[in-house]
Amino acid sequence: MRVVVTGGAGFIGSCFVRSAVAGEHPALAGAEIVVLDAFTYAGREANLAPVSGAVRVERGDVRDPARVAEVLAGADLVVHFAAETHVDRSITGAADFVTTNVVGTQVLLQAATDLGVARFVHVSTDEVYGSIESGSWPETHPLEPNSPYSAAKAGSDLLARSYHRTHGLDVVVTRCSNNYGPYQFPEKVVPLFVTRLLDGHTVPLYGDGANVRDWLHVEDHCRAVALVAERGRAGEVYNIGGGTELTNAELTRRLLAAVGVGEDRIEHVTDRKGHDRRYSVDWSKIHDELGWAPRVPFGPGLAATVAWYAEHRDWWAA
Ligand code: NAD
């Protein structure tokens, strides 16, 4: 079996590749793994260093139909992680978000259709649902994205659905909550705060710090994606969540404690424009249908993540 992993040099995609090569996803045992990545600022060769030689790496842009057709030829499965992913960047400039996330996904879906790829897993996000005060979103909830990032992801998510409905492509969509873990580019809150604290700086906490996110370890996300690739039903959406719901202020306090510094390191800054208040997915479908549940408890998972950044200064200082 040949598996093409787009965005396989990024945070989650590289975790998926490393864990597949390590044999953690039984359905992918013995599969040939091909990474398709443009190596933007977020895609790093170092993220694939532990599996160099075990995977084929193809440099290419998902917006380039000829390059995509070349790399997807002969693929049985496409797992599509490639995207522009940082909400703050989408606020200061949304163009790449639209072209990579929307157009790039359409290019991949078309190539997969034309080439007869057997299955396409589209990795979306819980942010497509918008913001929820209480309760949790089921997969049937309308998409009400609020940032250019989540709007572009919603566009790609709906295109994935359309290629299933219109062309019969075997597509499955996942919508996961916030991930944390090693190899995350230090612009996202966990690695940004940890690396700033390790360097003796303050950390910028947005607004009142009361925005709530559900934190899931990246390895749990990758295990869910592999299960969906193996046994998810075509045309269906699977929410992935069930980590730990925390306000940003509480997350910050835990990071301060993990690094061993005090709250004087918090710097309160003006809130992000359009900042979603709370995300929460109902993940009972993937639990009931595929038997998935998170395995990495938040406390030890966060401690190991902080330790990884402390031990890998070369990776993030670069
Ligand atoms: P990331 O920013 O770390 O990595 C994105 C990868 O995509 C990089 O390797 C980059 O080089 C590549 N890429 C970007 N534009 C490309 C293009 N035009 N052509 C080819 N490759 C390109 O992102 P991540 O956090 O690993 O997220 C991966 C996927 O998971 C995204 O689709 C994201 O929306 C989704 N997701 C992320 C989270 C999270 O908490 N990080 C949660 C839910 C869903």
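Counting starts at 1 for both ligands and their atoms, following the listed order. Owing to the predicted nature of the structure, the values given are computational and were not obtained by experimental measurement.
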With Thr105 as reference, evaluate Arg63, His80, Lys153 under the side chain to side chain donor-acceptor pair (under 3.5 Å) test and give the passing residue.
->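 Exactly one candidate clears the test, His80.
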
Tell me whether the centres of the aromatic rings in His25 and Phe16 are closer together than 6.0 Å.
->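 Yes, the ring of His25 comes within the 6.0 Å limit of the ring of Phe16, centre to centre.
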
Mind checking whether Tyr206 and His275 have ring centres under 6.0 Å apart?
->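 Between His275 and Tyr206, which both carry aromatic rings, the centre distance is below 6.0 Å.
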
Checking Arg18 against Tyr183: charged group under 6.0 Å from the ring centre and within 45 degrees of the axis?
->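 Pair Arg18/Tyr183 counts as cation-pi.
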
Give a yes-or-no answer on whether the side chains of Tyr41 and Arg89 include a donor-acceptor pair shorter than 3.5 Å.
->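 Tyr41 vs Arg89: donor-acceptor pair found between side chains.
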
Who are the ring-ring contact (aromatic ring centres under 6.0 Å, His included) partners of Tyr309, not counting sequence neighbours?
->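 Listed in chain order: nothing, the list is empty.
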
Would you please write out the protein residues whose heavy atoms approach any atom of ligand 1 to under 4.0 angstrom, listed by chain and number?
->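 Within 4.0 Å of ligand 1, protein side: Gly7, Ala9, Gly10, Phe11, Ile12, Asp37, Ala38, Phe39, Thr40, Ala42, Gly43, Gly60, Asp61, Val62, Arg63, Phe81, Ala82, Ala83, Thr85, Thr100, Val123, Ser124, Thr125, Tyr149, Lys153, Cys176, Ser177, Asn178, Asn179.
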
